[in-house]
Amino acid sequence: MKNFEELGVSPELVKAVSEMGFDAPMPVQEEVIPLLLQNAGDIIALAQTGTGKTAAYGLPVLQQTDTNLRRPQTLILCPTRELCLQIASDLNDYSKYVDRLSVLPVYGGSSIESQIRTLSKGVHIIVATPGRLLDLMNRRVADLSTVRNVILDEADEMLSMGFEDSIIAILAAVPQERNMLLFSATMPHEIEKITTKYMRTPVKVVIGRKNQGNENIRHIYVTVHAKDKYLALKRIADYYPNIYGIIFCRTRRETQEIADSLIHDGYNADALHGELTQQARDFVMQKFRHRNLQLLVATDVAARGLDVDDLTHVIHYGLPDEAEAYTHRSGRTARAGKTGISLSICHTKEKGRLRKIMETISGKFEQGKIPDNKTICEKQLFNFVDKIEKVEVNEAEIAEIMPAIYRKLEWLEKEDVIKRIISLEFNRLIDYYRNAPSIEPVDDSRPYREKSKDGKSREKDGGRSQRRLSADHAEGDMKILKLNFGRRDTLIPPQLIDLVNHCVKGRRIDIGRIELHDDFTLFEVNKEDAGRVMDQMNSFEVEGRKIHVLPSEKKIERDKRRKSAVNKGFPSRSDGKNKGRRKK
């Protein structure tokens with residue numbers, strides 16, 4: 001393995017990274033740094049989060065920056081404010097011994113006037129989120145005509161967040177004679193389109209296999225009934241006393257509810273989601289980075305771009321829809337060569353989604369078990385004993401008071417003292433698990449779906465599709481509802497089912513017969529669920545358009561259900577993702 005000097009990195013930069021504790025380059029750095037220093041042209045680097053990508057492109061562009069030309073020479077685009085600030089901070093650390101080099105982070109949620117003033121003074125490197133940079137370009141204060149290097153960091157994340165149009169507008173404003181570097185954890189089709197259009201015979205660097213997860217991550221899943229998911233989460237947190245991790249939820253509401261419940265139950269946790277103010281998000285992240293929080297409960301959007309070292313766990317409280325999102329979540333742990341655990345708490349109807357993830361990332365998944373009461377108490381007790389063994393005793397500080405303490409406790413035997421210390425620390429835990437509610441076991445022996453020889457999914461072992469299940473109900477037990485989206489919105493039945501269960505929390509909603517019309521859709525639900533479906537779905541919107549679900553008097557013809565021929569992708573007007581967003 002080469003060192004940084006042998007890769008061609010300048011003495012000033014080597015001195016700075018050595019002080020940061022980086023003695024040897026990581027694989028992606030060893031591959032990419034020489035290519036950039038040799039001006040090898042456009043580069044695509046596929047590497048997981050936490051593998052050292054920032055230094056891989058940061059050191060070469062810093063070394064090639066002409067500090068006498070106070071104009072933007074490198075543009076780095078990234079998906080989130082947090083990652084933008086982290087990259088800028090890292091570049092400033094690397095360039096500690098480079099005189100007069102200016103790096104400007106440009107992002108939303110901060111004073112645009114301050115960013116305009118700094119740009120007017122001149123900067124060498126701009127690190128930006130696409131939306132704010134485009135705003136500055138439209139105001140004619142961000143001039144990119146001198147940019148020589150364009151870097152897309154976490155490009156797949158930017159596209160999944162809907163920044164494709166902004167990225168295309170930005171790329172149109174930089175000189176054609178420039179180097180383009182694309183760093184991504186996965187290689188979805190949208191990334192390939194950008195590389196084909198904007199890159200010239202790029203050199204491809206792949207660390208690990210394409211779309212593969214970090215090999216240092218241990219993937220575990222447990223299956224429980226939906227009603228037991230929170231109990232399972234608490235048992236897992238208790239089983240790992242030194243856990244330092246992120247718990248991913250699917251919605252803002254679920255994120256806040258889980259965080260509130262954990263705090264109420266005595267866990268060191270907090271929430272991070274889009275409904276928090278920027279000041280509140282910064283405060284939560286500061287606590288988490290300084291390890292004043294053990295558990296951060298977050299949505300995918302809020303946690304994108306987080307760069308936190310030494311996470312022991314990523315817990316998927318709700319599995320994501322896409323395997324790429326699972327890869328990004330899991331990549332928050334096992335960074336910089338360390339190991340970590342990615343643990344999925346699946347309810348019984350998420351088996352199909354889990355299987356799809358397993359097949360995509362080609363990683364080995366272990367089926368775990370929810371720890372029982374006795375095991376948890378033993379693990380906590382031995383962890384406490386380890387702390388007692390390893391505690392540093394300041395003899396000088398406590399010497400004066402120890403004789404009085406010895407006299408106070410001299411009537412107790414050594415065994416009595418130990419028992420009292422343990423009981424003082426663990427009475428609450430032991431009392432809780434003595435009376436803790438049990439978690440109903442799940443039979444995982446039968447698959448949720450299997451593929452037949454023709455490649456189509458079939459239900460097995462009594463598992464029934466939504467429509468088949470609903471057909472078992474008497475017609476009088478079902479209520480017909482009307483949704484204000486139809487075929488013109490590219491809605492198809494599977495996406496309707498997903499949309500309903502995305503918006504409506506709690507027990508999964510069984511959908512009966514579905515009838516698609518051009519401007520609306522009729523669908524059946526159990527009468528007992530109808531009120532909950534209408535109340536909760538009507539508080540969401542899709543692409544800025546409010547969802548309206550109302551009772552319908554029109555009947556659905558059993559044998560004449562109209563089918564949509566459009567491709568899956570509702571709603572297709574922008575990002576193609578089937579997600580309703582809560583109305584503000």
Side-chain angles (χ1 to χ4, degrees), residues 46-50 79-80 83 152 154-164 167 182-194 208-214 217 219 221 246-252 254-255 273-274 298-306 314-333 342-347 349-363 365 448-449 451 457 490-492 494-503 542-543 567-581:
L46 295 178
Q48 300 305 311
T49 302
T80 65
L83 184 57
L152 305 185
E154 298 207 3
D156 49 354
E157 289 280 8
M158 283 192 283
L159 293 184
S160 72
M161 294 174 69
F163 285 131
E164 183 175 359
I167 291 171
L182 188 148
F183 287 80
S184 185
T186 58
M187 195 69 175
H189 178 64
E190 292 80 6
I191 294 286
E192 292 179 348
K193 286 197 300 184
I194 283 187
R209 295 196 299 274
K210 183 178 176 181
N211 287 344
Q212 181 192 26
N214 187 331
I217 299 173
H219 299 274
Y221 72 95
I246 300 176
I247 301 167
F248 281 99
C249 297
R250 288 172 63 86
T251 66
R252 297 174 182 178
E254 183 180 60
T255 298
H273 54 75
T299 57
D300 285 291
V301 172
R304 280 178 179 144
L306 296 187
V314 166
I315 297 176
H316 310 270
Y317 190 80
L319 282 175
D321 292 318
E322 304 295 336
E324 288 83 1
Y326 178 90
T327 300
H328 277 285
R329 288 180 175 187
S330 302
R332 303 302 168 199
T333 187
S342 175
L343 196 152
S344 303
I345 305 175
C346 307
H347 63 69
K349 293 191 177 181
E350 287 182 309
K351 290 182 183 178
R353 193 180 299 162
L354 178 64
R355 182 173 290 109
K356 183 179 177 183
I357 290 171
M358 289 179 178
E359 292 170 352
T360 303
I361 72 169
S362 304
F365 279 71
Y448 183 61
R449 286 177 181 263
K451 285 190 176 179
S457 293
T490 68
L491 179 66
I492 60 176
Q495 294 156 344
L496 170 68
I497 294 169
D498 187 57
L499 180 66
V500 172
N501 283 286
H502 173 80
C503 297
V542 173
E543 295 300 313
N567 294 326
K568 186 175 181 179
F570 169 77
S572 64
R573 296 173 189 166
S574 61
D575 62 6
K577 292 197 173 180
N578 179 17
K579 289 186 179 179
R581 296 186 178 179

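In this structure, the separation between NZ on Lys356 and CG on Leu354 is 12.5 Å, given to the nearest 0.5 Å. Note that CG of Leu152 is 6.0 Å distant from CD1 of Ile167, once rounded to the nearest 0.5 Å. Ser344 contributes atom OG, which lies 11.5 Å from atom CZ of Phe248 (distance to the nearest 0.5 angstrom). Here His502 contributes atom NE2 and Asp321 contributes atom CG; the two are 8.5 Å apart, rounded to the nearest 0.5 Å. To the nearest 0.5 Å, the span separating OG on Ser330 from CD1 on Ile315 amounts to 11.5 Å.
Across all non-hydrogen atoms, the minimal contact from Arg329 to Pro320 is NH1-CD, 3.3 Å. Nearest heavy atoms, Leu182 versus Ala155: CG-CB, 3.9 Å. Taking all atoms of both residues into account, the shortest heavy-atom contact from Ile217 to Ser342 is CG2-CB, 3.6 Å.
Put simply, the side chain of Glu350 gets close to the backbone of His347: a donor and an acceptor are under 3.5 Å apart. No donor-acceptor distance shorter than 3.5 angstrom exists from the side chain of Arg332 to the backbone of Ile246, with no hydrogens or angles considered.
His328 is listed as a side-chain neighbour of Asp156, based on a closest heavy-atom distance under 4.5 Å.
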*Report the C-alpha separation of Leu159 and Ile194 in whole Å, then their side-chain angles, then the decisive distance to 0.1 Å, and conclude whether the side chain to side chain contact (heavy atoms under 4.5 Å, CB included) test is met.*
CA-CA 10 Å; Leu159 293 184; Ile194 283 187; 3.9 Å; yes

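Scored by the side-chain contact (heavy atoms from CB on, under 4.5 Å) test, Glu254 finds Cys249, Arg250, Thr251, Ile258, Tyr317 as partners (sequence neighbours excluded). Every residue two or more places apart in sequence or in another chain that forms a ring-ring contact (aromatic ring centres under 6.0 Å, His included) with Tyr326 is listed here: His219, His316, Phe365.
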